[in-house]
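Just the heavy atoms: all of them, side chains too, but no hydrogens, waters or symmetry mates, feed the values below. Everything numeric in this text was worked out from a predicted model, so none of it was measured. Order of listing sets the numbers, starting from 1, for every ligand and every atom in it.
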Amino acid sequence: MNDAVRTTCPYCGVGCGVRVQSAAGGWRVAGDDDHPANHGRLCVKGSTLAETVIDDTRLRQPMMRPHKGAAHAPASWDAAMARVAEGFGRVIEAHGPDAVAFYVSGQLLTEDYYVANKLMKGFIGSANIDTNSRLCMSSAVAGYTRAFGEDVVPVEYSDVENADLVVLVGSNLAWCHPVLYQRLSRAREARPDLRVVNIDPRRTATCDIADMHLPLAPGSDVALFNGLLRYLHDNDCVDQAFVDAHCRDSEAALDAVARGCDVASVARDCALPEDAVRAFFALFAERARTVTLFSQGVNQSSSGTDKVNAIINCHLLTGRIGRAGAGPFSITGQPNAMGGREVGGLANQLAAHLSLDDAAHRALVQRFWQSPAMAERPGLKAVDLFEAVHEGRVRAIWIMATNPLVSLPDADRVRAALERCDLVVVSEAVNDTDTLRCADIQLPAATWGERDGTVTNSERVISRQRPFRAPPDEARPDWWAICDLARRLGHGDAFDYPDAHAIFDEHARLSAFGNGPDAEARRVFDIGGLAGLSRADYDALEPVKWPVPARPAPEPSRPYGDGRFSHPDGRARFVPTVPRAPANSPSAAYPMILNTGRVRDQWHTMTRTRLAPTLASHRPEPVVDMHPADALAVGVQAGRLARVSTPWGSLVVRATESGEMKRGEIFVPIHWNSQTASDARVGALVNPVVDPVSGEPEFKHTPARVTPFEAGWFGFAMARHAIPVNDVPWWVRVQGVSFNRYELAGLEPPADCAQWARSLTGAPRDADWIDFVDAAHGSYRAIWLVDDRVEACVFIAPRADLPARNWLAEQFGKQRVSGADRAALLAGEPPRGADTGPTVCSCFGVGRCTIVDAIESKGLTSPAQVTDLLKAGGNCGSCLPEIRGLISEAVTVAE
Ligand SMILES: Nc1nc2c(c(=O)[nH]1)N[C@H]1C(S)=C(S)[C@@H](COP(=O)(O)OP(=O)(O)OC[C@H]3O[C@@H](n4cnc5c(=O)[nH]c(N)nc54)[C@H](O)[C@@H]3O)O[C@H]1N2
Ligand SMILES: Nc1nc2c(c(=O)[nH]1)N[C@H]1C(S)=C(S)[C@@H](COP(=O)(O)OP(=O)(O)OC[C@H]3O[C@@H](n4cnc5c(=O)[nH]c(N)nc54)[C@H](O)[C@@H]3O)O[C@H]1N2
Ligand code: SF4
Ligand SMILES: [Mo]
């Protein structure tokens with residue numbers, strides 16, 4: 001790939017390098033062998049990026065509506081920005097700077113993020129800029145800051161590989177950070193002595209490489225790590241020299257765990273067997289090279305910040321920090337979550353790791369920016385921000401690169417808030433999202449493939465995102481639109497950037513301003529060495545890990561490798577932590593605990609991943625996953641529909657029993673929204689309670705109830721064209737290669753199925769329409785052919801067990817269907833052996849039945865043999881846990 005453009009994947013915080021090249025009719029995306037995060041590897045989401053570069057679904061010009069409820073009409077950028085500036089200006093003048101807000105995203109590039117933050121905090125003079133990172137790792141930011149005096153992640157990917165023990169806490173690494181998971185998995189194969197412990201109430205795919213799984217009671221992590229702290233203390237694992245020289249407040253933290261934190265109490269509080277707790281503690285005690293890698297099971301909790309500090313306390317006590325193979329590692333979710341932290345994107349931060357609470361820091365930044373109006377105090381955190389919009393305290397808001405109507409807790413209240421807000425501006429890449437529907441002004445953003453700038457991944461590696469195509473029509477970079485508002489508000493001089501490079505240069509200079517070993521505002525984040533790059537050097541910038549000070553240290557410096565932390569006295573702080581139960585406990589009315597999170601092949605609110613047919617095949621539908629005994633108790637059957645209700649909202653999805661759930665706990669994925677399903681926006685159900693320190697919502701723990709949804713009929717339709725399903729009571733849309741699939745259900749079956757199906761699919765009267773009414777079973781099947789090619793098919797039945805979709809999908813790939821296929825189509829039964837089953841390996845499209853057949857007929861006993869024979873698992877490896885599961889199922893059956 002000589003002429004390939006080197007850029008980075010727009011999905012997760014692993015931050016893999018990709019190479020993009022034009023190919024027949026589109027693009028070819030491959031892993032970048034030279035990128036330190038992935039060394040050429042990609043997961044299935046990265047590998048299928050080319051499928052998502054589609055102009056049809058893009059927002060391609062600014063749109064405005066004259067008033068709420070009116071239709072959006074195209075506008076010029078000039079007219080749209082004039083209205084944004086007029087609206088913001090009017091509100092600021094009448095109600096002050098705190099009556100306006102930006103709500104931004106860890107999916108902005110650092111350059112976009114920097115100017116948004118500069119405009120709000122230094123020129124509008126308010127700190128009402130918060131980001132979706134509030135929902136993501138703000139607890140980690142708060143925990144690191146309390147402990148170290150600065151938000152610094154002192155771990156890198158090689159530490160995960162070089163550790164002797166990796167403790168995963170609240171992280172489904174196999175699905176959410178697949179390339180790092182593969183690196184860990186290979187390290188474990190190379191060094192069988194490396195141990196992995198997975199701490200998660202669910203038995204996730206990540207358990208595949210875990211030597212030990214602790215399915216603790218939801219929310220009980222502080223109790224577990226407090227117990228560990230006491231155990232380490234009682235069993236002589238204290239690195240006293242380190243604690244004495246580099247820490248403070250160890251006594252207070254140890255005092256806090258002196259009572260009630262013995263193994264027996266911990267086991268009770270975490271609902272774990274005593275032996276398991278003891279075995280984990282002993283493992284941790286004996287292995288000096290320990291990385292504790294944590295994610296949303298820790299952060300998204302009303303005690304998230306304490307969970308983080310309970311973990312860090314154990315690392316400080318044992319001196320396992322600032323050394324190779326050891327440290328507390330908050331893995332970031334979004335591609336530029338780390339860049340957002342650098343520019344101070346949260347409402348309680350200032351740029352360049354400076355503190356908004358510190359007058360000297362504010363003065364420093366004001367000097368650097370030459371700003372007229374610095375924010376004096378922290379702004380509103382995400383949940384409070386939208387509450388303020390609801391109350392009318394914030395009257396104009398600009399939302400960028402995030403979809404809060406889907407991703408915030410109590411999301412219906414967020415919709416109500418936006419509906420009553422004077423001015424809602426939304427910058428989006430696509431032309432339909434729940435949030436965009438509420439916008440008064442829609443601004444078309446350039447997105448991945450078009451944007452130019454930098455991102456920083458979980459291990460602090462800054463990489464370039466480079467464009468390989470022009471933005472469609474009027475789409476423009478976010479930084480450009482922000483600077484345009486700044487100009488219109490009278491701050492043109494400070495926002496006169498010709499390009500992203502100029503912004504990066506200023507960001508790099510600010511990081512070095514007042515910084516240095518003995519400077520007034522010393523901090524680890526320093527990329528002064530990247531200031532003054534020429535445009536050509538910036539364009540050619542290789543991935544680089546910060547800090548990058550102007551005068552580089554002789555050795556690449558590992559944060560806190562010298563034991564000097566960022567607090568003014570150079571010492572890290574132990575933070576005493578006391579376990580707290582989650583905010584709301586299950587009750588008689590809401591007896592279950594609703595946990596929410598991700599599936600392997602979808603990204604957030606699906607605006608990009610929903611376009612890739614390959615990604616739709618692994619988990620095509622939203623589900624509620626539950627324990628079979630709970631399902632039985634509430635009268636819900638796997639494969640049928642269930643209603644999940646909480647005090648905040650409800651949804652209806654198919655029930656499933658993956659075997660991963662404990663009794664009393666249910667799991668619903670976060671991805672589906674009003675564009676992809678009639679009734680599956682789980683954000684509407686989530687309790688809006690937040691952690692008192694970080695303001696991060698408790699997404700993993702809402703009391704809930706599950707009841708059967710008594711559908712009178714089930715069905716599905718597949719069609720080459722989009723069909724209007726909005727009048728069908730329940731539907732889910734799934735993207736196929738050359739068709740759309742709609743799963744359907746309702747209460748009363750249609751009176752005349754044929755007429756209903758024809759009108760649904762839009763088939764003309766004289767269509768080649770073949771159908772079959774099975775009166776005995778109350779089912780109906782129809783196929784519509786155009787020139788012997790399948791145009792659409794519809795199946796309706798009183799039961800949920802409808803024909804296999806995968807085989808039918810293949811018929812859409814054929815130019816002509818044969819006579820035998822026609823008969824099979826109508827029967828809804830594939831010819832024997834033709835059904836490959838639900839997809840397991842998305843990369844090579846290998847189905848469950850194919851794999852099970854091979855395992856059984858060839859007697860395969862390892863995933864490697866399956867890969868050799870069928871390729872499955874041979875690319876990204878994300879499906880290896882499932883393949884291993886199928887092998888062990890086959891063995892169990894054979895036994
Ligand atoms: N495929 C995919 N990958 C992604 C994303 C995506 O949308 N799709 N999003 C990215 C983003 S932004 C993020 S933030 C990351 C998130 O990555 P992860 O945090 O790994 O993913 P989640 O599924 O949100 O939650 C992780 C686990 O926390 C567990 N958990 C729930 N409650 C508790 C608890 O009380 N204690 C403990 N110890 N565990 C608990 C859940 O059961 C779940 O398995 O993923 C990133 N990667
Ligand atoms: N229930 C529940 N809710 C959660 C979570 C959970 O675990 N459970 N996790 C939370 C977490 S960790 C996160 S990170 C959030 C994520 O939630 P969101 O940030 O709301 O999700 P995305 O779908 O990533 O939204 C990004 C939007 O930006 C648009 N976009 C893409 N590129 C660009 C661009 O260049 N410019 C602009 N202006 N727009 C662009 C996309 O089309 C998309 O609409 O969800 C949070 N919500
Ligand atoms: S692990 Fe997958 S989603 Fe994450 S950056 Fe790499 S290729 Fe992209
Ligand atoms: Mo996230």
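- Ionic pairing of Asp306 and Arg580 is present here: one or more N-O contacts between side-chain nitrogen and carboxylate oxygen are shorter than 4.0 angstrom.
- Within 4.0 Å of ligand 1, counting heavy atoms only, the contacting residues are Cys12, Lys45, Cys136, Val169, Gly170, Ser171, Asn172, Trp175, Cys176, His177, Ile199, Asp200, Pro201, Arg202, Thr204, Leu216, Pro218, Gly219, Asp221, Ser295, Gln296, Gly297, Lys307, Gly333, Gln334, Asn595, Gly597, Arg598, Val599, Arg600, Gln602, Trp603, His604, His671, Lys700.
- Only the backbone of Ala446 comes within 4.0 Å of ligand 2, judged by heavy-atom distances.
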Report task. Go through the steps for Asp630 and Lys662 under the test salt bridge (Lys or Arg N to Asp or Glu O under 4.0 Å), then give the verdict. Result -> CA-CA 9 Å; Asp630 285 333; Lys662 282 186 293 177; over 6 Å; no
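- In summary, the aromatic rings of Phe504 and Tyr114 are positioned with their centroids too far apart to meet the 6.0 Å limit.
- Looking at Arg415 and Asp434, a side-chain N of the basic residue comes within less than 4.0 Å of a carboxylate O on the acidic one, giving a salt bridge.
- Distances below 4.0 Å separate heavy atoms of Thr607 from the following atoms of ligand 2: 41 (C), 42 (O), 43 (C), 44 (O).
- Heavy atoms of Asn403 found under 4.0 angstrom from ligand 2 belong to the backbone as well as the side chain.
- Of the charged side-chain nitrogens involved, at least one lies within less than 4.0 Å of a carboxylate oxygen, so that Arg341 and Asp151 count as a salt-bridged pair.
- Only the side chain of Asp478 comes within 4.0 Å of ligand 2, counting heavy atoms alone; its backbone N, CA, C and O stay farther away.
- In this structure, the ring of Phe468 has its center less than 6.0 angstrom from the ring center of Trp448.
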Tabulate below the donor-acceptor pairs under 3.5 Å that side-chain atoms of residues 329-339 make, not counting sequence neighbours, or state none.
| unit_1 | atom_1 | unit_2 | atom_2 | d |
| --- | --- | --- | --- | --- |
| Thr332 | OG1 | Ser458 | OG | 2.6 |
| Gln334 | OE1 | Gln107 | NE2 | 2.8 |
| Gln334 | OE1 | Asn132 | ND2 | 2.9 |
| Gln334 | NE2 | Asn132 | OD1 | 2.9 |
| Asn336 | OD1 | Gly339 | N | 3.2 |
| Asn336 | OD1 | Thr456 | N | 2.8 |
| Asn336 | ND2 | Leu108 | O | 2.9 |
| Asn336 | ND2 | Thr110 | OG1 | 3.1 |

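- Using a 30° and 60° split on the angle between ring planes, Trp603 and Tyr11 fall in the tilted class, from 30° to 60°.
- At a 4.0 Å cut-off, at least one heavy atom of Val686 sits close enough to ligand 2 to count as contact.
- With respect to Asp384 and Arg134, no salt bridge is recorded, no charged nitrogen being found less than 4.0 Å from a carboxylate O.
- Interface of Ser427 with ligand 2, defined as ligand atoms under 4.0 Å from a residue heavy atom, comprises 37 (C), 38 (N), 39 (N).
- Ligand 2 places these atoms under 4.0 Å from at least one heavy atom of Arg451: 34 (C), 35 (O).
- A salt bridge does not link Asp473 to Arg58: none of the charged nitrogens lies less than 4.0 Å from a carboxylate oxygen.
- In terms of N/O distances under 3.5 Å, ligand 2 is not approached by Trp448.
- Near Ala445, the atoms of ligand 2 lying under 4.0 angstrom from a non-hydrogen atom of the residue are 36 (N), 37 (C), 38 (N).
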